[in-house]
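Worksheet for the structure shown next.
Per chain, numbering begins at 1; letters A, B, ... match sequence-line order. The model shown is predicted, which means the values in this text are computed figures rather than measured ones.
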2 protein chains.
Amino acid sequence: MTELAELPAAPGAARTQGRPRSSRAHEAILEAVLDLLEEGVTVEALSMEAIAARAGVGKATIYRRWAGKDELLLETLIKLKGPPTQPLGDSVRADLIRLLSVVGQKDERAVRVMPCLMPEVSRSPEAYRIWQEAITEPRREVMREVLRRGVATGELRADLDLEVTVTMLISPLLLHRMVRWNPRLDEVDDLPEQIVDVVLRGVTA
Amino acid sequence: MTELAELPAAPGAARTQGRPRSSRAHEAILEAVLDLLEEGVTVEALSMEAIAARAGVGKATIYRRWAGKDELLLETLIKLKGPPTQPLGDSVRADLIRLLSVVGQKDERAVRVMPCLMPEVSRSPEAYRIWQEAITEPRREVMREVLRRGVATGELRADLDLEVTVTMLISPLLLHRMVRWNPRLDEVDDLPEQIVDVVLRGVTA
DNA sequence: GGATTCCGATACGGTTCCGTTCCGTATCGG
DNA sequence: CCGATACGGAACGGAACCGTATCGGAATCC
């Protein structure tokens, strides 16, 4: 049987003897999970058989690496979302527009995967915690920092509620890009600018 | 076997002979579906066996009424969301606050069910259409009407973009009440007022 | 070259759910 | 009272999936 040439094995593996694990198979498995989620399969309905088939891999190859679906999913999601976009340090307005513009643009796939994660997140406190810590909170913090800068320069009101403002900025974009909550917004091509302008006018000192 | 007393059969049933269908069983089935969805079972993972067991009903009783899971779900969701809350016709500000305040309050159960519907909605164009027509669009229209009144009275800018404004008002509430996107907002007790005030200041004439 | 480990593939017994088909009983119209 | 239909419950054959085991071959270390 013709075996694919192997990449130089996963880093950090403390293995000493025998054939090293194929990093090619490793990647194929993670990719298969994302593929399936992207197609609309929920976490709950995601089957190990389907993952193995999609990855072109034996089930044993999956179970050799992860104890079960949960651990596999955790690693997959961490891979999915890299570090958040950083502001450029221009004006508050330009930075906010920049941060909003990348929502669902930089991560086409992540946007399609997210709705499939929602049931899990709203049911399991553990899933909720991971989702908060790894995905949403770091992105909110970046935006908070921009707003704090605006408060420090006097551009924004000193008594600004950071949490409310951050939520007001991101929520419309998230809801539109993730679930297309209001399809009429498809025709609005400068949504980030419009949102930032309304909010900034509302919270300017 | 002690049979429960029957309510006077579902209306519109053109049946003439034999024992009429139990409207009690009918209701129990719909209720069971909502119960299960509320507990975090996704549409995909919702099983007819579980529904029948929860409703205290034979599976045949379900299949006698609906051809499959899809048709049963459709009827369930239509039952779930009644007509949207109506504005009182006070000030624009008071009406908007009122509309935002009921998000996820009037319909405790609907809020918990919604996340479980998201995967289905984002995967199936048909589900998306039904969701838009039956749930989100009627509620947006109520809010648009309030905004149009504000424009007519000169309270709001004449060139106001209704879609963007509606989305800016509702999205933060939806995201918070449905998936608790930002847990720090739990401590904010006047979120609707704050949002309305910022947006109104941003779009005042 | 020999030991060891991983590879993809296949098969296993066990579980859950499907949609249907029977029961024996209950409840209606005529 | 009788015929017709619905009821809850149980069982069916078939399908999908679980996690494990086993296979012959392939890759790497000692």
Rounded to whole Å, how long is the line connecting atom CD1 of A:I51 with atom P of D:dG19? 10 Å

One character per nucleotide, please: for nucleotides 17-23 of chain C, 5' to 3', B when the base has a protein heavy atom closer than 4.0 Å, S when only the sugar-phosphate does, - otherwise. BBBBB--

Below 4.0 angstrom from OP1 or OP2 of C:dG8, is there any side-chain N or O of A:T61? yes

Rounded to the nearest 0.5 Å, how far apart are NZ of B:K59 and OG of B:S47? 8.5 Å

Minimum-distance nucleotide to B:P20 side chain [options: C:dC28, D:dG8, C:dC7]: C:dC28

Does any part of the side chain of B:M48, heavy atoms only, come nearer than 4.5 Å to the side chain of B:I51, both counted from C-beta? yes

Do B:R19 and C:dC28 have a side chain to base donor-acceptor pair shorter than 3.5 Å? no

Rounded to the nearest angstrom, tell me the gap between atom CD1 in A:I29 and atom C1' in C:dC6. 12 Å

Protein-nucleotide distance (A:L72, atom CG; D:dG19, atom C1'), rounded to Å: 14 Å

Crowded around A:D90 CG? As in, over 12 foreign heavy atoms under 6.0 Å? yes

Does B:M118 reach the side chain of B:V179, with side-chain heavy atoms less than 4.5 Å apart? no

If you compare every side-chain N and O of A:R24 against the phosphate oxygens of D:dA27 (OP1, OP2), does one of them come in below 4.0 Å? no

When B:L88, B:V166, B:L169, B:L99 are each screened for side chain to side chain contact (heavy atoms under 4.5 Å, CB included) with B:V146, the one that passes is B:L99

A:R21 CZ to D:dC29 P: how many Å, rounded? 16 Å

Side-chain heavy-atom pair A:L117, A:L73 within 4.5 angstrom cut-off: no

Looking at B:R65 and B:T61, would you say the former's side chain and the latter's main chain have a donor-acceptor pair under 3.5 Å? yes

Side chains of residues 74-83 of chain A: which donor-acceptor partners sit under 3.5 Å, not counting sequence neighbours?
| from | atom 1 | to | atom 2 | distance (Å) |
| --- | --- | --- | --- | --- |
| A:E75 | OE1 | A:W66 | NE1 | 2.9 |
| A:E75 | OE2 | A:H26 | NE2 | 2.9 |
| A:T76 | OG1 | A:L72 | O | 2.7 |
| A:K79 | NZ | A:E27 | OE1 | 3.2 |

From NE2 of B:H26 over to P of D:dC7, roughly how many Å is that when rounded to an integer? 11 Å

So, the side chain of B:R177 versus the backbone of B:V103: is there a donor-acceptor pair under 3.5 Å, distance only? yes

With Watson-Crick and G-U wobble geometry limited to distances under 3.5 Å, how should the secondary structure of DNA chain C be encoded in dot-bracket form, using | for bases paired to another strand and [ ] for crossing pairs? ||||||||||||||||||||||||||||||

